[in-house]
Amino acid sequence: MSNKPLTTNPNVLAWVDEMVALTTPDKVVWIDGSEEQLEALKNEAISTGEMIELNQEKLPGCLYHRTKPNDVARVEDRTFICTEKKEDAGPINNWMSPADMKAKLIPMYTGVMKGRTMYVIPYSMGPIGSPLAKVGVEVTDSIYVVLNMNIMTRMGAQAFENLGETSNDFVRGLHSKADVDPEGRYIVQFPEENTIWSINSAYGGNVLLGKKCFALRIASFQGKNEGWMAEHMLILGLEKPNGDVKYITAAFPSACGKTNLAMLIPPEGYKKAGYKIWTVGDDIAWMKPGKDGRLYAINPENGFFGVAPGTNEKSNFNALESTKKNTIFTNVAINNDDNTVWWEKFDKNPPVNATEWKGAKVNGPEYIAEGNTLAHPNSRFTAPAVNCPCLSPEFNNPEGVPVSAIIFGGRRAKTTPLVYQSFDWTHGTYMGSAVSSETTAAATGAVGVLRHDPMAMKPFCGYDMADYWAHWLEMGEKLGDKAPKIFNVNWFKQDEDGNFIWPGFGDNMRVLDWIIKRCEGEVDAQETAIGYLPKPEDLNLKGIEDEVTPEVLDKLLAVDTDLWKAEVEEMRNYYKQFDRLPKALADELDKLEARLNK
Ligand code: GTP
Ligand code: SPV
Ligand code: MN
């Protein structure tokens with residue numbers, strides 16, 4: 001395997017030398033991204049048991065990986081933003097000074113790769129050659145990381161070509177799985193040094209450093225300094241019957257429906273009329289004003305690291321299709337009859353002859369009847385974007401796509417209606433800052449607890465959240481009347497028995513339709529205290545009238561003044577911790593309260 005550096009860039013070489021001196025691997029392998037090299041790595045991982053080869057007829061190129069049971073999700077309590085000044089990390093990030101953090105971690109990294117190979121992974125976030133793309137280099141002792149980065153990023157020698165011979169503008173990522181010891185697990189960002197250190201984990205979001213660590217935590221900080229935005233958003237194109245495509249981005253917290261919305265299949269009536277949804281991205285958007293003054297978005301990723309449970313032919317056909325080849329499955333169950341995969345809601349027939357996610361051979365139906373799940377709730381697939389049947393033709397467009405609407409949302413059993421629109425950008429920024437959502441299995445900790453997750457960025461903002469809101473306000477000023485319109489949605493409103501009252505999934509098309517009509521000035525709306533809501537007759541419910549009766553619609557569009565007054569109180573409290581809260585947001589809260597009291 002290639003042992004020769006793939007670049008002569010002195011900054012890269014010096015940093016890799018430093019990492020080698022620190023971790024002392026037996027061998028260093030530069031990842032060029034060639035088929036040959038990847039094939040050899042796959043075979044090595046299969047031979048050591050790190051990866052399991054699945055049925056190559058039914059799932060060609062697909063591999064299976066199981067993480068340690070203590071290492072199945074992001075660890076937010078062990079994730080740090082290390083800026084020189086504590087205030088710059090803000091009140092809701094974990095902080096330690098860079099010097100203290102390094103003093104803590106250097107002994108842990110010292111000699112950690114002894115007896116192991118260090119893989120040096122060059123990668124580009126964003127299409128190669130895009131003015132919005134950025135280069136990263138990750139060094140790791142995990143083949144699983146290499147194989148995943150190959151799917152999730154544009155990996156290999158091409159990334160160095162983009163960086164050039166002398167540039168120092170690359171993000172340095174150091175990862176070691178070490179002993180996968182949860183007590184020694186740290187996910188650390190040094191935004192002021194373009195550096196990420198991750199240790200003692202082998203789970204996706206903690207170790208695929210191009211993803212949350214770079215493309216959100218480091219990039220949000222870069223974006224603030226360079227005049228662009230890094231957001232936890234899907235990007236989709238909505239094609240109308242006349243062929244015109246409008247682009248929408250949407251920020252929902254982890255495991256709240258981004259992948260599903262990005263790959264939506266419209267209901268029959270819409271399909272027949274000629275509507276179609278195109279996927280540009282399912283998790284992260286980088287956005288910057290273009291030459292025409294509009295906001296343009298690229299997806300910095302090259303694949304989907306999607307939640308497996310719940311994904312099936314009906315709920316998300318396009319995601320399922322994307323996983324049929326060259327995909328890595330992590331912590332799902334194995335069907336031993338044919339060496340394929342299974343997870344909750346895959347179909348109605350859990351395999352009798354199953355291996356559950358921790359590796360025990362079980363009788364699937366019996367195991368489930370005992371109250372277990374066969375797949376971990378945060379089990380995932382890593383699938384190449386090119387597999388997606390509805391991948392947008394603009395996916396590789398270096399300039400990105402122009403954004404017409406931005407959507408915020410979360411899981412709210414009560415309070416938040418199905419959809420509403422902000423009065424303007426500033427009010428929309430307030431709406432984003434006020435997002436709360438019930439926690440999910442995507443991070444360790446309790447599930448189903450309501451918490452603040454502004455712009456779905458609580459775990460991912462690499463600097464003071466209040467400064468981030470100020471940056472949003474600045475971007476709005478820059479964009480002026482060309483700014484996208486801002487909306488909020490809630491697919492998760494419940495009845496008294498805890499059932500979701502909106503069918504969701506493909507039927508979310510009906511809400512997107514209203515949103516685009518609002519952007520184009522085609523429909524009027526009801527002005528309420530919280531924003532513009534659809535007039536009931538303007539939501540197209542053809543085909544779901546039995547489920548979404550006028551009474552249900554009433555509930556979906558209700559604005560309960562008492563609940564909203566309580567929401568205002570809660571926001572006042574929440575805002576108190578931010579010393580740098582922009583005045584415009586405090587004003588928005590006052591205005592909302594005044595409207596509710598009218
Ligand atoms: P991350 O990859 O963690 O950022 O998650 P995500 O935001 O992409 O969420 P995803 O689309 O994978 O959905 C997570 C869970 O929400 C899955 O179990 C889905 O089945 C469920 N879900 C998605 N959309 C809807 C919807 O419209 N209604 C309901 N009830 N559930 C949904
Ligand atoms: C999320 O948790 O928001 C994800 C998965 O998209 S991870 O890569 O683990 O962050
Ligand atoms: Mn995500």
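These numbers come from a predicted model, not from an experiment. Atoms within a ligand are numbered from 1 in the order they appear, just like the ligands themselves. Side chains are part of it too, since the values below use all heavy atoms of this structure and drop only hydrogens, waters and symmetry mates.
Listed by chain and number, residues touching ligand 2 at under 4.0 Å (heavy atoms only) are Arg74, Tyr203, Gly205, Lys211, Lys212, His232, Ser254, Asp283, Phe305, Arg380, Ala442, Phe460.
For atom 31 (N) of ligand 1, the nearest non-hydrogen atom from the set Phe460, Phe492, Trp343 comes from Phe492.
Taking the charged nitrogens against the carboxylate oxygens, Asp71 and Arg185 do have a contact shorter than 4.0 Å, which makes a salt bridge.
Closest to atom 4 (O) of ligand 1 among all protein heavy atoms lies Lys258 NZ, 2.8 Å. Scanning the protein for heavy atoms near atom 28 (N) of ligand 1, the closest one is Phe505 CE1, 3.7 Å. At the top of the distance list for atom 9 (O) of ligand 1, counting protein heavy atoms only, stands Gly257 N, 2.9 Å. Asn260 ND2, 3.7 Å is the protein heavy atom nearest to atom 19 (C) of ligand 1. Nearest non-hydrogen protein atom to atom 5 (O) of ligand 1 is Ala255 N, 2.7 Å. Among protein heavy atoms, the minimum distance from atom 30 (N) of ligand 1 is reached at Phe500 CD1, 3.4 Å.
No donor-acceptor contact under 3.5 angstrom links the side chains of Ser436 and Tyr574, judged on distance only. For the residue pair Asn349/Trp342, the side-chain donor-acceptor check at 3.5 Å is not satisfied. With 3.5 Å as the limit, one finds no donor-acceptor pair spanning the side chains of Thr416 and Asn490. There is no side-chain donor-acceptor pair under 3.5 Å between Ser198 and Asn206. Between the side chains of Glu231 and Trp472, at least one donor N or O sits under 3.5 Å from an acceptor N or O. Side chains of Arg74 and Ser254: a donor-acceptor N/O pair is present below 3.5 angstrom, by distance only.
When each of Ile328, Asn302, Thr327 is checked for a side chain to side chain contact (heavy atoms under 4.5 Å, CB included) with Ile151, only Ile328 meets the rule. Between Phe190 and the options Tyr463, Phe221, Trp197, a ring pair (Phe, Tyr, Trp, His ring centres under 6.0 Å) holds for only Trp197.
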Legend entry - Test log, rule side chain to side chain contact (heavy atoms under 4.5 Å, CB included), inputs Ser220 and Phe460: CA-CA 8 Å; Ser220 60; Phe460 307 121; over 6 Å; no
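At a heavy-atom cutoff of 4.0 Å, ligand 1 is contacted by no atom of Thr311, backbone or side chain. Neither the backbone nor the side chain of Leu261 has a heavy atom within less than 4.0 Å of ligand 1.
Taking any N or O of Asp282, backbone or side chain, none lies under 3.5 Å from an N or O belonging to ligand 1.
The minimum heavy-atom distance linking Pro459 with Arg451 is given by the pair CG-NH2, 3.7 Å.
The name of the N, O or S atom in Asp283 nearest to the Mn ion (ligand 3) is OD1.
Heavy atoms of Pro309 come nearer than 4.0 angstrom to ligand 1 in at least one pair. For the ligand labelled ligand 1, residue Pro253 lies inside the 4.0 Å heavy-atom shell. Taking 4.0 Å as the cut-off, His232 counts as a neighbour of ligand 1 on heavy-atom distance. At least one heavy atom of Arg411 sits under 4.0 Å from some atom of ligand 1. The closest approach between Cys256 and ligand 1 falls below 4.0 Å for a heavy atom of the residue.
Side-chain atoms of Lys258 come within 3.5 Å of backbone atoms of Phe252 as a donor-acceptor pair (strictly under, hydrogens ignored). In this structure a side-chain-to-backbone donor-acceptor pair under 3.5 Å is present from Trp95 to Thr83.
Lys212 lies close to the Mn ion (ligand 3), since one of its N, O or S atoms is found at a distance under 2.8 Å.
Cation-pi geometry between Arg172 and Phe170 is satisfied (NZ or CZ under 6.0 Å from the ring centre, within 45° of the ring normal). Figure legend: Lys211 and Phe305 shown without cation-pi pairing, the cationic atom not lying both under 6.0 angstrom from the six-membered ring centre and within 45 degrees of its axis.
Close approach of ligand 1 to Asp283 (heavy-atom distance below 4.0 Å) involves ligand atoms 4 (O). When each atom of ligand 1 is checked for a heavy atom of Val307 under 4.0 Å away, the hits are 12 (O). Set against the non-hydrogen atoms of Arg380, the atoms of ligand 1 under 4.0 Å away are 1 (P), 2 (O), 3 (O).
Scored by the side-chain contact (heavy atoms from CB on, under 4.5 Å) test, Asn316 finds Thr259, Asn260, Met263, Thr311, Asn318, Ala319 as partners (sequence neighbours excluded).
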